[in-house]
Amino acid sequence: MNEQQSITKQPVPAETEKGGNYTIDEKNLERQQLLAANLAPLTGRALQCIHLPQKDARILDIACGIGETSRLLAKHFAGAAITAMDIDNNLVQTAKSISVKENANIEFINADATNLPFEDNSFDLVFSRYLLMHVPDAVTILREMKRVCKPGGIVFAQEPDINASNSYPASWAYDKIKEYFLALFVDGLIGRKLPAYFNQIELQNTGSHADVVFEVNKNTVRRMYRLTAEALENALLAKKLATKNEHAAWVAELERIENDASTVVLTHPAIAVWGTK
Ligand SMILES: C[S@@+](CC[C@H](N)C(=O)[O-])C[C@H]1O[C@@H](n2cnc3c(N)ncnc32)[C@H](O)[C@@H]1O
């Protein structure tokens, strides 16, 4: 399937504006790579519960970032035709070039999830991960996801529930992760609300899977949190949630923990919910 065939509702603009509520500065792509590495087993376990009827299913990955989820879907559902989209065209271009290098046959486009450029009833699985927490009206996007899903197809969303992130030995910097994330992200507690949203838009047979990472003798979660703290500097300063010095102290403490191999970390849960149209 080529781009022209799948974009049937309206032309995609050359470059869609970045989402206005998205507060993470994604200049350092290693952050998205580490996020994806941490989440891959959690998403993989949730996807074990999803059964698509045919091998050549059509799958849409909403807000694909650098395409880590798209490539995960391509591996998990071998034979499926994957289309992936994101509002940030720089990320879309990066996703494309990584996927070409890795021989993953995925179609990437630049589009806004609130107005998907696809016909009704187009996909067997419509997937999104860590998008809805950043948007002012998650239900609007879920409705769009349902619209482009085929009758009998599956809508799937995986989102965090930022009720705690813990380290041992304990550190104030991990309390700040919760405080700053909840203050900056549109809805950091959206994970627990997903079943209600799925009911609201009348998706059927809702299933769910909650999962965490407990990091021991590894340095991907600890490093990801430090890189995320760096990527939130502008947003924290703009909203006057921290001064430059307070932000620098937070990053320095996260970096100290990152370099202390004896520290263990427990992430907040990622909650996956799915339902049938
Ligand atoms: C935290 S990243 C998650 C990326 C990927 N889904 C993953 O789990 O690895 C959130 C992504 O949402 C994208 N995004 C934010 N608002 C969007 C919108 N309205 N439409 C499409 N993508 C959006 C951002 O550009 C970013 O790539």
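Both ligands and their constituent atoms are indexed starting at 1 by order of listing. Worth knowing before you read on, the calculation uses all heavy atoms, side chains too, and leaves out hydrogens, waters and symmetry mates. Predicted, not measured: the structure shown is a model, and the values here were computed from it.
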Under a heavy-atom criterion of less than 4.0 Å, does Thr114 contact ligand 1?
no

If you define the side chain from C-beta out and look only at heavy atoms, does anything of Val186 sit under 4.5 Å from Met133?
no

Proximity to ligand 1 by part of Ser128, non-hydrogen separation under 4.0 Å:
neither

What about Asp86: any of its N or O atoms under 3.5 Å from an N or O on ligand 1?
yes

4.5 Å side-chain heavy-atom contact, Leu266 and Ser165
no

Taking only non-hydrogen atoms of Gln32 and a 4.0 Å limit, the atoms of ligand 1 in range are 2 (S), 27 (O)

Interfacing atoms of ligand 1 (cut-off 4.0 Å, heavy-atom, Asp88):
25 (O)

Region of Asp112 that comes within reach of ligand 1 [heavy atoms, distance under 4.0 Å]:
both

Would Ala36 count as being in polar contact with ligand 1, using the rule that some N or O on each side must be under 3.5 angstrom apart?
no

When rounded to the nearest 0.5 angstrom, what is the spacing between SG in Cys149 and CZ in Phe118?
13.0 Å

Counting each atom of ligand 1 from 1 as listed, which ones have a heavy atom of Leu91 under 4.0 Å away?
25 (O), 27 (O)

Under 3.5 Å: N/O of Ala113 near N/O of ligand 1
yes

According to a hydrophobic-cluster definition based on side-chain heavy atoms being under 4.5 Å apart (Ile, Leu, Val, Met, Phe, Trp, Tyr only), do Val251 and Leu241 belong together?
no

Under 3.5 Å, is there a donor-acceptor pair linking the side chains of Arg31 and Thr228?
yes

In this structure, does ligand 1 have an atom that sits under 4.0 Å from one of the heavy atoms of Glu68?
no

Shortest non-hydrogen contact from Lys277 toward Lys146:
NZ-O, 2.9 Å

Using a plain distance cutoff, I'd like to know if Ile87 has any nitrogen or oxygen under 3.5 Å from a nitrogen or oxygen of ligand 1.
yes

Give the intermediate values and the outcome of side chain to side chain contact (heavy atoms under 4.5 Å, CB included) for residues Leu72 and Glu68.
CA-CA 6 Å; Leu72 182 79; Glu68 298 281 353; over 6 Å; no

State, without any angle test, whether Arg71 and Ser99 hold a side-chain donor-acceptor pair at a distance under 3.5 Å.
yes

Ring centres under 6.0 Å, that's the criterion: do Trp250 and Tyr180 meet it?
yes

What atoms in ligand 1 come closer than 4.0 Å to a heavy atom of Tyr130?
1 (C), 3 (C), 10 (C)

Between Leu131 and ligand 1, which residue portion shows a heavy-atom distance shorter than 4.0 Å: side chain, backbone, both, or neither?
side chain

